[in-house]
*Asks:* 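The structure follows.
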Amino acid sequence: AMLSQQLQNFPLFIEFPNDPVKVGDSWEVRLPATPMTGNKITRLKATLLGEKSALTPALSQGERGTAWAIKLSGTININADVMEMMRQMGGEVGGMPQMAMLMTGTMNVDGEALVEKATGRTIKFETTYKSDLTVDLPDMGMQMKQAGNTLVSVVLAN
């Protein structure tokens, strides 16, 4: 649950570079440092794939327009003190014993954004996060492995 909440801090919009881009060009997208990443900036790769037909809010209902399709990919390195993150998120650690809980590993990002050509608004962003994590509980002498896929889909409402 906490990992899902932290995914809300990851990209929902594409940041374009200052220079013009053409189909096939790639650029770096920087994600801000968060407690989930050990307070380090994450760098992902965005690539302009080309135009796609899409339902766009700028048009009347049922009409299709064109959007730029942009691929987002890369790896997010996870290095988190889970108990500290829980304190930062809500203050109390709600009934959990006070012990060290550390999470490390990676989340591979594979996503596609559709950016409305007429307005530059992100109209859809669908991203899969493939995680391979280890949770260490050193006070208990335990270590747990966790792997999974999380799909995040965001669509601009009319």
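This structure is a prediction, so every number in the text was calculated from the model and none was measured.
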*Asks:* Could you tell me which non-hydrogen atom of Lys52 sits nearest to which non-hydrogen atom of Leu114, and how far apart they are?
*Replies:* CD-CD2, 3.8 Å
*Asks:* Is there a path from Met142 to Leu133 through hydrophobic residues (I, L, V, M, F, W, Y) whose side chains come within less than 4.5 Å of each other?
*Replies:* yes
*Asks:* Does any part of the side chain of Val21, heavy atoms only, come nearer than 4.5 Å to the side chain of Trp27, both counted from C-beta?
*Replies:* yes
*Asks:* Side-chain contact test, heavy atoms from C-beta onward, threshold under 4.5 Å: evaluate it for Leu49 versus Ile70 and give yes or no.
*Replies:* no
*Asks:* On a heavy-atom basis, which atom in Val29 and which in Ala46 lie closest, and how many Å separate them?
*Replies:* CG2-CB, 3.6 Å
*Asks:* How about Thr106 and Lys130: do any of their side-chain heavy atoms sit closer than 4.5 Å?
*Replies:* no
*Asks:* Can you confirm whether Met101 sits close enough to Val135 that some side-chain heavy atom of one is under 4.5 Å from a side-chain heavy atom of the other?
*Replies:* yes
*Asks:* Can you name the nearest heavy-atom pair linking Pro35 to Asn39, along with the distance?
*Replies:* N-OD1, 3.3 Å
*Asks:* With rounding to the nearest 0.5 angstrom, report the OG1 to CD1 distance, Thr122 to Ile14.
*Replies:* 7.0 Å
*Asks:* Step by step, work out the side chain to side chain donor-acceptor pair (under 3.5 Å) result for Glu126 and Ser153.
*Replies:* CA-CA 4 Å; Glu126 192 164 278; Ser153 183; 3.1 Å; yes
*Asks:* Indicate yes or no: at least one non-hydrogen side-chain atom of Ile123 is less than 4.5 angstrom from one of Val115.
*Replies:* no
*Asks:* Would you check if the side chain of Thr134 reaches a backbone N or O of Lys145 as a donor-acceptor pair within less than 3.5 Å?
*Replies:* no
*Asks:* Side chains of Thr42 and Asn77: does their closest heavy-atom pair fall under 4.5 Å?
*Replies:* no
*Asks:* To the nearest 0.5 Å, how far apart are CG in Asp81 and CG in Asp136?
*Replies:* 11.5 Å
*Asks:* Going through the checks in order, is the side-chain contact (heavy atoms from CB on, under 4.5 Å) test met by Phe125 and Val155?
*Replies:* CA-CA 7 Å; Phe125 203 158; Val155 179; over 6 Å; no
*Asks:* Measure the spacing between CD1 of Ile78 and CD of Gln146 and express it to the nearest 0.5 Å.
*Replies:* 10.5 Å
*Asks:* Would you name the heavy atoms of Ser26 and Thr47 that are closest together and state the gap between them?
*Replies:* OG-OG1, 2.7 Å
*Asks:* Could you give me the CA-CA distance, side-chain angles and deciding distance for Glu28 and Lys45, then say whether salt bridge (charged side-chain N to carboxylate O under 4.0 Å, His left out) is met?
*Replies:* CA-CA 5 Å; Glu28 182 180 272; Lys45 178 181 174 183; over 6 Å; no
*Asks:* Before you tell me yes or no, could you show the steps for Tyr129 and Asn108 under side-chain contact (heavy atoms from CB on, under 4.5 Å), namely the whole-Å CA-CA distance, both residues' side-chain angles and the distance that decides it to 0.1 Å?
*Replies:* CA-CA 6 Å; Tyr129 298 93; Asn108 292 315; over 6 Å; no
*Asks:* Let's go through Arg121 and Glu116 carefully: what are the C-alpha distance in whole Å and the side-chain angles of both, what is the deciding distance for salt bridge (charged side-chain N to carboxylate O under 4.0 Å, His left out) to 0.1 Å, and is it a yes or a no?
*Replies:* CA-CA 5 Å; Arg121 296 184 300 177; Glu116 189 175 43; 3.1 Å; yes
*Asks:* Show your working on side-chain contact (heavy atoms from CB on, under 4.5 Å) between Leu44 and Leu31 and close with a plain yes or no.
*Replies:* CA-CA 8 Å; Leu44 300 176; Leu31 305 181; 3.6 Å; yes
*Asks:* Report the C-alpha separation of Thr127 and Val109 in whole Å, then their side-chain angles, then the decisive distance to 0.1 Å, and conclude whether the side-chain contact (heavy atoms from CB on, under 4.5 Å) test is met.
*Replies:* CA-CA 7 Å; Thr127 309; Val109 178; 3.6 Å; yes
*Asks:* Rounded at 0.5 Å granularity, tell me how far CD1 in Ile41 sits from CZ in Arg30.
*Replies:* 4.0 Å
*Asks:* Look up atom CE in Met36 and atom CG in Asn79, then write down how far apart they are to the nearest 0.5 Å.
*Replies:* 11.0 Å
